[in-house]
Amino acid sequence: MTIYRQIHDIVTASIDEAVASGDLTLSAAAPTFVVEPPREAAHGDLATNAAMVLAKAAGKAPRAIADILKPKLEKHALISGVEIAGPGFINLRLHPQIWQNEIREILNADTHYGDSTIGKDTKVIVEYVSVNPTGPMHAGHVRGAVIGDALVRLLRKAGYDVTGEYYFNDAGAQVDVLARTAFLRYREALGEDIGEIPAGLYPGDYLKEVGSDLAKRDGDKWRGKDEAEWLAPIRQFAVDAMMKMIRSDLDLIGIHHDVFTNEREMIENGTLEKVFKILEDKGLIYTGTLPPPKGKEMEDWEPVPLTLFRSSQFGDSTDRALKKRDGYWAYIMPDIAYHYDKMRRGFTLMINVLGADHSGYLERMRPAVAAISDNNARLEVIFNSIVKVFKNGEPVKLSKRSGNLITLREMVEQVGASAVRFFMLTRDPKSPLDFDFAKVVEQTRDNPVFYVQYAYARCSSVLRHASEIFTPEELTNEALSKISLDAISTEEELLLVKGMANWSRIVEAAALAQEPHRIAFYLVELAGLFHGLWNKGNDNAALRFIIADDKGLTLARLALINSVRVVLRSGFAIMGCKPLEELRSDTSVAA
RNA sequence: GCACCCGUAGCUCAACUGGAUAGAGCAUCUGACUACGAAUCAGAAGGCUAGGAGUUCGAAUCUCUUCGGGUGCACCA
C-alpha cells in the first residue's frame, strides 16, 4: 500500500471518529478528498483538503473542521506533526522512518514498484500507427507510434488488460495504386524500360525490391495480362511486403503490436452486412437526404436519397450515409464494423491514437460505438499534433512528392531509438512538437533525454566505485533492503525519497488521463532531485555517497542510489527507453 | 458558416484534472570544479495565465462571450 493510501485511510478514520463522537455531523455522505504532496515543501510532507471538501456537508467552516480532526491525526504513530494552513489545508509531517521504509519497498518491488491495480477490471484496446501499407514509416508517423506504445505500457503498469492493435486498410483505392506501381516495378525487373513513374503512382524506390521479388517468384507469368487478372494477387503480394517493411521499421523503435487486423478480411467475412443488420434492427437506418456540406464550394452537389444512420440520436451533428448512391458501402461502414468487432472481442475501452488531421473522426465514430454497444463501450481518441523536423536549425519540409521525406529509419539511425522515443514524449500530444536532430543528441541540461540518462549514469558510476569496496552480495537490492537506513536523514535525501514515493501516483494519474508524456516530465523532475543531491557532495565531501571510513553510512546511501536506479528504470520501461550505464563523450545519448 | 484543439515569463514548455505565494529549462546577471563524471548544481531577475463576465470557500483549470492561431467539416479513404 502506498504512503498516500495509508494516510488517506488514517484521515478517513479520523473523520469517522469525529462523526461517531458527535464532534462532526454530516448531512450528506463524505465527498472524496485527496492526500497529496503540497506544492511547497515547507508546508510539510503531505497535505489533505479533507476539511475543505467537508465544509458543505458538515455546515462548518473548513478551519473549524480541521481543528476537530487535528488532535485525532496527531495521535497517530506515523504522523509527527499536524498544521492547519491557508483556507483549511491540513498539512502533515511524517516520521523519517516512513521514507526510509519506502526505500526498502522500492528495492523489494524492483521495477514492479509503482504497479497499480486501478485498471484491473477494464479490457482496453489501443489502436495505433495503423499506417496504410503503401510505404515505409516516416517522421510524421513516429509520434503517434511512440505515444501509442507508451500508452500500452503505461496502462499495463496500471493494471489494465491491454491489447495493442494495428489496423490496416488493404481494401481501398490506395492499395490498388500500390499494386499498379508494383506491377510497373515488376515489369522493370523483367527488363522493360518503364521510364518515369507516372504521377498518381508511388515513386519511391522501396517498391523496386517488391517488383524484383515478384519477378523472382512468378517469372513472367503476369506479363501482358489484363489488370483484372493480376491486380488481386499482386496487391496481396505488395501489401504483404509493405506490412513486413513497416513491421521492421516499428521494430527499430521497439514497437510490437499484439494484433494486426485488416479491412479486407472483415469485408469478405460479412461483418459489414452483419453490423448493418444490427443497426437496422435497432431502427437506426432510414432513407433520406443530407443537407449540402457547409463551408465548401460544391458545384456538383445535388440532393440524393441515401441510406442513412441516425447518428444524430447519439450526439452527432448530422446523420451519416452508410451506403453511397451506387449502393456500395460508404467509407465509414468498415470503420463502424471494425469497432463492432472490438466490442465483440470484449473491449469496453477503445483508445485510438490518431493525427490531429483526423479531428472529425471522433464526432462520427463515437455515436457509432454508442449505438452498436448500447453505450457499454467508450471510445477515446488521442490526437497528436504534427512534428516539425529541423536539421541544422533549418525546418525540413516533409512531402511525399518531393521525395525528401525523412523516414523513421533515418531518425533512429541518427539519434537512436531511446532518444527518439523519449523526445516524442516530452510534450502533451496536442501541442505541436519541434524535432531538431541536433537538439536530441545534445549533451546539456537543455536536453531532457540527456538529463535523465545522465542521472542514471551517475548512479551507475557510484555503484562501479562502490564495487571496489564491497562484494556484489553486499550490493544486491535484497541485501541493501535489510540494512539500517537511519542515516538517510538529510533534507535533500528525504526530498529525493519523497519524489520517488510519488511514482505510483504519477502512474495512476497518467493512466487515468491517458497521458504517457507525464512519465517523461516526472523522470526529468526526479533526475533534478538527484542531481541536486549529488552536487551537495561536491560542496561538502561528507555528503558524498561513498564515505571511505564509514561502511554503514555508505551502504545506506547505496541503498538510496539503487532505489533511484529502480525508479528510473521503471519509468524508462514505460517510455520504452534503455537506461545507459555510462555516458562517455565518445558514446551517444542514444541507445 | 459550424465543430474540435490551442493561447501561461523574452523563447520552449509544466502546473498531479478545482487548491495554498502559477513552476522548470533556455537566454540575462551572481556564485560553486585538486571530478564518487561541473555534460552538473546553488541563487537573482522575469507573470493582469490573450481580454471580459459568471459558477464557489477557492479558477490557468469549469460555463458563457470576444479576440488571435491550428485542424477538420462528402456518397472521398
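Naming: A, B, ... by sequence-line order, numbering from 1 per chain. A quick note: this is a predicted structure, and the numbers were derived from the prediction, not measured.
When the nearest nucleotides of RNA chain B are assigned to Pro62(A) and Val53(A) by heavy-atom distance, the more 5′-ward of the two goes with Val53(A). Along RNA chain B, the nucleotide nearest to Phe545(A) and the one nearest to Asn169(A) differ in position, and the one closer to the 5' end is contacted by Phe545(A).
Looking at Leu463(A), Leu533(A), Thr554(A), Leu553(A) one by one, the single match for side-chain contact (heavy atoms from CB on, under 4.5 Å) with Phe545(A) turns out to be Leu533(A).
Closest to the side chain of Ile546(A), from the set rC36(B), rA38(B), rA77(B), is rC36(B). Considering only side-chain atoms of His531(A), the nucleotide from rG72(B), rC76(B), rU40(B) that sits closest is rU40(B). When distances run from any side-chain atom of Arg518(A) to the nucleotides rU40(B), rU17(B), rC36(B), the shortest one goes to rU17(B). Set against rU56(B), rA38(B), rC16(B), the side chain of Arg458(A) has rA38(B) as its closest nucleotide. Picking from rU17(B), rC75(B), rC57(B) the nucleotide with the shortest atom distance to the side chain of Glu515(A) gives rU17(B). Here rC16(B) is the nucleotide among rC75(B), rG25(B), rC16(B) with the atom lying nearest to any side-chain atom of Pro37(A). Residue Asp539(A) has its side chain nearest to rA32(B) when only rA32(B), rC6(B), rC75(B) are considered. Distances were taken from every side-chain heavy atom of Ala509(A) (C-beta onward) to each of rC36(B), rG25(B), rC16(B); the shortest belongs to rC16(B). When distances are taken from the side chain of Asp357(A) to each of rU17(B), rC76(B), rG72(B), the shortest belongs to rG72(B). The side chain of His465(A) lies closest to rC36(B), out of rU17(B), rC36(B), rC57(B).
Taking only side-chain nitrogens and oxygens, Lys56(A) never comes nearer than 4.0 Å to OP1 or OP2 of rU56(B). Put simply, Tyr454(A) has no side-chain N or O that comes within less than 4.0 Å of OP1 or OP2 on rC41(B). Taking 4.0 angstrom as the limit, Asn49(A) places none of its side-chain polar atoms (N or O) nearer than this to OP1 or OP2 of rG19(B). Regarding contacts with the backbone of rC26(B), every side-chain N or O of Arg445(A) stays at 4.0 angstrom or more from both OP1 and OP2.
Between the side chain of Asn535(A) and the base of rU40(B), at least one donor-acceptor pair of N or O atoms lies under 3.5 Å. The base of rC16(B) lies close enough to the side chain of Arg505(A) for a donor and an acceptor atom to sit less than 3.5 Å apart. Judged by distance alone with a 3.5 Å cut-off, a donor-acceptor contact links the side chain of Arg325(A) to the base of rC75(B).
Whole-Å rounding puts the Lys498(A) NZ to rC16(B) P distance at 21 Å. The distance from atom CG of Asp335(A) to atom P of rC76(B) is 12 Å, rounded to the nearest whole Å. A straight line from CG of Asp428(A) to C1' of rA15(B) spans 12 Å, rounded to a whole angstrom. What separates CZ of Phe450(A) from P of rC26(B) is a distance of 12 Å, to the nearest Å. Going from atom NE2 of His358(A) over to atom P of rC4(B) covers 19 Å, rounded to whole Å. Between Leu362(A) atom CG and rC2(B) atom P there is a gap of 21 Å when expressed in whole angstrom units. Computed from coordinates, the Asp446(A) CG to rA27(B) P distance equals 7 Å when rounded to whole Å.
Tyr331(A) comes within 4.0 angstrom of a base, heavy atoms only. Among the heavy atoms of the strands lying under 4.0 Å from Leu290(A) are primed sugar atoms or P, OP1, OP2 only; no base atom is included. The residue Ser359(A) sits close to a base: some heavy atom pair falls under 4.0 Å.
Both the sub-6.0 Å distance and the 45° axial angle are satisfied by Arg310(A) relative to the ring of Tyr286(A).
Between His138(A) and His141(A), the ring planes lie tilted relative to each other; the angle falls in the 30° to 60° range.
A salt bridge does not link Lys70(A) with Glu83(A): every distance from a Lys NZ or Arg NE/NH1/NH2 to an Asp or Glu carboxylate oxygen is 4.0 Å or more. Salt bridge Asp67(A)/Arg63(A): absent, no basic N to carboxylate O contact under 4.0 Å.
Inspection of the Arg445(A) and His531(A) side chains reveals no N or O donor paired with an N or O acceptor under 3.5 Å.
If you take OG on Ser311(A) and CD1 on Ile336(A), they are separated by 8.0 Å, rounding to the nearest 0.5 Å.
A distance of about 34 Å separates the P atoms of rG68(B) and rU21(B), rounded to the whole Å.
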